[in-house]
Amino acid sequence: MHRYRSHTCGALRDSDIGKDVRLSGWVHRVRDHGGVLFIDLRDHYGLSQVVADPDSPAFKHVEKLRAEWVVKIDGKVRRRPAGTENAELPTGAVEIYINEVEVLGPAGELPMPVFGDQEYPEEVRLKYRFLDLRRDRLHANIMKRGAIIDSIRRRMKEGGFFEFQTPILTASSPEGARDFLVPSRLHPGKFYALPQAPQQFKQLTMIAGFDRYFQIAPCFRDEDARADRSPGEFYQLDIEMSFVTQDDVFNAVEPVLRGVFEEFAGGKKVTPKFPMIPYADAMRDYGSDKPDLRNPIKMQNVSDAFRGSGFKIFANILAADAKNEVWAIPAPTGGNRAFCDRMNSWAQGEGQPGLGYIFWREGEESGAGPLAKNIGPERTKQIAEQLGIGVGDACFFIAGNPKDFVKFAGPARIRVGEELSLVEKDQFAFCWIVDFPMYEWSEQDKKIDFSHNPFSMPNIEPERFLALDPNDNDTILGLKAVQYDIICNGIELSSGAIRNHRPDVMKKAFAIAGYPEEVLEEKFGGMLRALSLGAPPHGGIAPGIDRIVMLLCGEENLREVVLFPMNQRAEDLLMGAPSEVSQKQLRELHIRLSLPDSK
RNA sequence: GGGGGCGUAGCUCAGUUGGUUAGAGCGCUGCCCUGUCACGGCAGAGGUCGCGGGUUCGAGUCCCGUCGCUCCCGCCA
């Protein structure tokens, strides 16, 4: 017999009755009745009930076992007495009568129990991650993650993509996030950077003629964490394709994502054909470039109903600047004062002066609330008709420059949907966001800057782009890039683009953003050289693996789907990273510390 | 860098308008129990109330500071 086990803890069935078996695993739960003693023995594969009574030679040893000890037991499989079977367990028809027990790995008192489903503080969970990972939910999440990645790989390969590995130690690049730096021992004063993404490498792979690239790629960014943004490192399904248009990318990627989601959604609906929403429409309808389409509310411009109306606050805002508008957030079924007041005080909590509203109820079909009285029944009716709402419904209004107020309007729309339970949770609602602006005005630097990835192709004829007057801000700020995002349930899974593969266009693009050719040459010299020596048109995308797994596991936080995550301050409490290093190590790297003052 | 929430036993939490020896469940220790699967019963150990300072006759409770965790903003595809 094998030193540790003849079967796993999830394997035994009634067909095994009478066999002498050996199991190894963790003591999940002990139920000691004095005369008879049950242990649920757990391993990766499942749970088996093992039992001992005073007739067993092992009884006095079994009595000493405690939760999470690792033990090996020898025993005989027997049918459970009639009426004591456990239908919850695949092994529930049988039990193993213990003849011998060996302790392989005892455990001290546990800082957090594995049994049960009580919640524990992150700090304890992360410090004892290996205990947390023994628990059902996390164990299942991590296994599901693996299955999802397998499925993605299979689907990508079926789509004619090949998997590549790209360097982890590379050069710092000026755009995007803060880099993690790695000092060079051989080159004093110089540093490698960990890649924020293999962006340039995948483009170079296309230029090298490989045609269809993918990689489950680790990415490193030294930025602060969020619930849906791991600190430091995360994985992307990195994809790049040659000789493609935007549609080709969509047609390659959409079936992979839809297929993976359908496979792992557990019966939840998945958008059959992802709609394409221009960036400007998304901002206007949803107040966000990552709209949660499970929420049916669409906002509308109702400026006409307020222009020159008796509601002076809004009328004056509209008169003050042609760019100002009044937007309506329709709130179907929200037609009561209590709800409207609740939204109003929520808005005040968000730092707004308030949230104007009209609601319609029986007996006041022409609209109730102070705002309705100010603008009169005719304009109120006009609004109701435009929005297609009526008795039982409400509507909220926001006035000003949409550019500024979307930051509040978007969350307000989400809030209305949540409060009124209009959000259909049992689905994965996808969409593409397309036609992103190429440039934006940087208030901070008082200049035009790239609004997304600087390697994206502007969405106009190259000759017209090259002919642009760099001082023609209006035209430049109106330019679109062939740049797209994919959104699921309001979470941005990815962004991608058709790349700028023409050096002349790239030089011009950087010049408009205020980067002289020398900077471009210095920072992206390799890339420019590559583009100058026969670059195919190419493009791609890079969906976030962790976010995909998070959605499919129904989790709200990335830490629930990452094997060994760091905490919000980018510390690994289990391994103790980051840590101090020895003077010798620093000397080898020609580094002297200059620490901030601390008391 | 900024804002919100939390911090009481190993763990999860309760703790009244400031008032005597700070409680419960799980876990732990000991005893009892031959069919449980959240087994049950009895007894017991275990607490600088995150830390520092202040107000007060008296602080877990009020005030100030500080530290830790977390969520968000900034930042970031």
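A note on names: the letters A, B, ... follow the listed sequences, proteins ahead of strands, and every chain is numbered from 1. Values below: every heavy atom of this structure, side chains too, minus hydrogens, waters and symmetry copies.
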Please report the distance separating the C1' of B/G47 from the corresponding atom of B/U34, rounded so that it comes out in whole Å. 39 Å

Any side-chain N or O of A/Gln568 less than 4.0 Å from the OP1 or OP2 oxygen of B/C71? yes

At 4.0 Å (heavy atoms only), tell me whether A/Gln199 reaches a base, stays on the sugar-phosphate, or touches nothing. nothing

A/Arg559 near the nucleic acid: base, sugar-phosphate alone, or nothing, with a heavy-atom cut-off under 4.0 Å? sugar-phosphate

Taking any heavy-atom pair under 4.0 Å as a contact, classify A/Glu95: base, sugar-phosphate, or nothing. base

Angle between ring planes, A/Phe161 versus A/Phe214, binned at 30° and 60°: parallel, tilted or perpendicular? perpendicular

Using atom P of each nucleotide, how far apart are B/C33 and B/C42 to the nearest Å? 16 Å

Within the structure shown, what part of the strands sits under 4.0 Å from A/Arg79 by heavy-atom distance: base, sugar-phosphate, or nothing? nothing

How far does the C1' atom of B/C26 sit from the matching atom of B/U66, given to the nearest Å? 33 Å

Identify, between A/Ala67 and A/Phe234, the residue whose nearest nucleotide on RNA chain B lies closer to the 5' end. A/Ala67

Which of parallel (below 30°), tilted (30 to 60°) and perpendicular (above 60°) describes A/Phe450 and A/Tyr515? parallel

Distance between the C1' atoms of B/U55 and B/C62, in whole angstroms? 8 Å

Counting only side-chain N and O atoms of A/Arg66, is one of them less than 4.0 Å from OP1 or OP2 of B/G27? no

So does A/Arg178 get a side-chain nitrogen or oxygen closer than 4.0 Å to the phosphate oxygens (OP1/OP2) of B/C75? no

Take atom C1' in B/G46 and the same atom in B/A22, then report the distance between them in whole Å. 14 Å

Does A/Arg78 make a cation-pi contact with A/Tyr97, if we ask for NZ or CZ under 6.0 Å from the ring centre and within 45° of the axis? no

B/G35, OP1 or OP2 - any side-chain N/O from A/Asn86 closer than 4.0 Å? no

Decide, applying a 5.5 Å centre-distance limit and a 30° plane-angle limit (both strict), whether A/His33 stacks on B/U36. no

Considering Watson-Crick and G-U wobble pairs with both distances under 3.5 Å, what does B/G7 pair with? B/C67

Between A/Ala177 and A/Asn567, who's closer to the 5' end of RNA chain B by nearest nucleotide? A/Asn567

Distance-only donor-acceptor test (3.5 Å): side chain A/Arg221, base B/C76: no

Base of B/C75, side chain of A/Arg229 - is there a donor-acceptor contact under 3.5 Å? yes

Look at A/Arg125 and B/C69 and indicate whether a side-chain polar atom (N or O) is within less than 4.0 Å of OP1 or OP2. no

Would you call the rings of A/Trp432 and A/Phe250 parallel, tilted or perpendicular if under 30° counts as parallel and over 60° as perpendicular? parallel

Between A/Arg258 and A/Phe430, is NZ or CZ placed under 6.0 angstrom from the six-membered ring centre and within 45° of the ring axis? no

